[in-house]
Amino acid sequence: MTTDTRVGPPHLGTERETLRAFLDYHRATLAMKCEGLTDDELRQRSMPPSTLSLLGLVRHMAEVERAWFRRVFEDGDAPMVWSREVDFQAAYDASASTRAEAFGAWRAEVETSRRIERDAPSLDLTGHQPRWGEDVSLRMVMVHVLLEYGRHNGHADFLREGVDGTVGA
């Protein structure tokens, strides 16, 4: 991995600034854990029969961003990127994927998520989570997605270590 250029969250800030900064920090963490690796290395699986790989995690997080921002606040019928049904596991199989494909989709979803959050009048904005059949607040969505990144960045540490022996921050 290269030098750590992530910007940490503020020690003093509003709730929204803090949530936004933590999300961006964790997004940058996932990208950092994938730096310097070839497509083949990014596709390297943890262990059979698992399909989990760093590239699969990037694809999965594109689906998470889409499901929790786009589908909740803009288009409840927006299809998943890599499955016809709402199957988050489908994204993990990155055996035919490339860095360009996975990161292109992920970056597009991150930018959509950022726009939705930036345009929202407050964290109290509510949208409908079609998978749950319930309304949720932007606050809840940001916390949920933040927790998803935290969990999957832990997986990324293990996967990166398996590829080149490097453990990230």
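Counting from 1, the numbers follow the sequence of the chain as shown. Please read all numbers here as calculations on a predicted model, not as lab measurements.
- Note that the CG atom of Leu42 and the CZ atom of Arg59 stand 12.5 Å from one another [nearest 0.5 Å].
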Passes side chain to side chain contact (heavy atoms under 4.5 Å, CB included), Arg99 versus Leu37? Steps please.
CA-CA 9 Å; Arg99 173 189 294 273; Leu37 298 177; 4.2 Å; yes

Please walk me through it: do Ser53 and Gln44 pass side chain to side chain donor-acceptor pair (under 3.5 Å)?
CA-CA 6 Å; Ser53 66; Gln44 188 171 314; over 6 Å; no

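- Here the CE-CG distance, from Met142 to Leu138, works out to 5.5 Å after rounding to the nearest 0.5 Å.
- One distance of note links OG1 of Thr29 with CG of Asp4; it measures 7.5 Å at 0.5 Å rounding.
- When atom types are taken as modelled, the side chain of Arg66 and the backbone of Pro79 share a donor-acceptor pair closer than 3.5 angstrom.
- Counting all heavy atoms, side chain and backbone alike, Leu123 lies closest to Ser137 at O-CB, 3.7 Å.
- By the 30° and 60° cut-offs, the orientation of the rings of His144 relative to Trp68 is tilted.
- Not a single donor-acceptor pair under 3.5 Å links the side chain of Arg20 to the backbone N or O of Pro9.
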Checking Arg107 against Val110 for the side chain to side chain contact (heavy atoms under 4.5 Å, CB included) test, could you report, in this order, the C-alpha distance in whole Å, the side-chain angles of both residues, the deciding distance, and whether it holds?
CA-CA 5 Å; Arg107 285 186 183 109; Val110 166; 5.6 Å; no

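- One distance of note links CG of Leu147 with NE2 of His152; it measures 10.5 Å at 0.5 Å rounding.
- Taken from CG in Leu55 to CZ in Arg45, the straight-line distance is 11.5 Å, to the nearest 0.5 Å.
- A donor-acceptor distance shorter than 3.5 angstrom exists from the side chain of Glu63 to the backbone of Val81, with no hydrogens or angles considered.
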Would you sort out whether Ser122 and Glu15 count as a side chain to side chain contact (heavy atoms under 4.5 Å, CB included), showing the intermediate values?
CA-CA 10 Å; Ser122 81; Glu15 177 184 18; over 6 Å; no

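- The distance from atom CZ of Arg6 to atom CZ of Arg27, rounded to the nearest 0.5 Å, is 14.5 Å.
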Test side chain to side chain contact (heavy atoms under 4.5 Å, CB included) applied to Phe69 and Arg115, step by step
CA-CA 10 Å; Phe69 285 95; Arg115 177 186 47 76; over 6 Å; no

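- With respect to Arg71 and Glu74, no salt bridge is recorded, no charged nitrogen being found less than 4.0 Å from a carboxylate O.
- A search for ring-ring contact (aromatic ring centres under 6.0 Å, His included) contacts involving His128 returns nothing, not counting sequence neighbours.
- When side chains are defined from C-beta on, Ser95 counts as touching Asp93, because their heavy atoms get closer than 4.5 Å.
- Between Glu117 and Arg114, none of the side-chain N atoms (NZ, or NE/NH1/NH2) sits under 4.0 Å from a carboxylate O, so this pair counts as no salt bridge.
- Val7 and Leu30 are assigned to two separate hydrophobic clusters, defined by single-linkage of ILVMFWY side chains at heavy-atom distances under 4.5 Å.
- Nearest heavy atoms, Thr126 versus Phe73: C-CE2, 3.7 Å.
- Counting only heavy atoms from C-beta outward, the side chains of Glu148 and His60 approach each other to under 4.5 Å.
- Checking side-chain atoms of Glu41 against main-chain N and O of Thr38 turns up a donor-acceptor pair under 3.5 Å.
- Listed here is the closest heavy atom pair of Cys34 and Phe103: CB-CZ, 3.7 Å.
- Evaluated for a side chain to side chain contact (heavy atoms under 4.5 Å, CB included) with Trp106, the options Val58, Val64, Leu57 yield exactly one hit, Val58.
- For Arg43 (side chain) and Ser97 (main-chain N/O), a donor-acceptor pair under 3.5 Å exists by modelled atom type.
- Checked by atom type, the side-chain pair Arg70/Thr112 shows a donor-acceptor distance below 3.5 Å.
- The closest side-chain donor-acceptor pair between Glu101 and Trp82 falls under 3.5 angstrom.
- A 4.5 Å side-chain heavy-atom check between Val143 and Met140 finds every atom pair outside the cut-off.
- Proximity of a side-chain donor or acceptor of Asp39 to a complementary backbone N or O of Thr98 within less than 3.5 Å is not detected.
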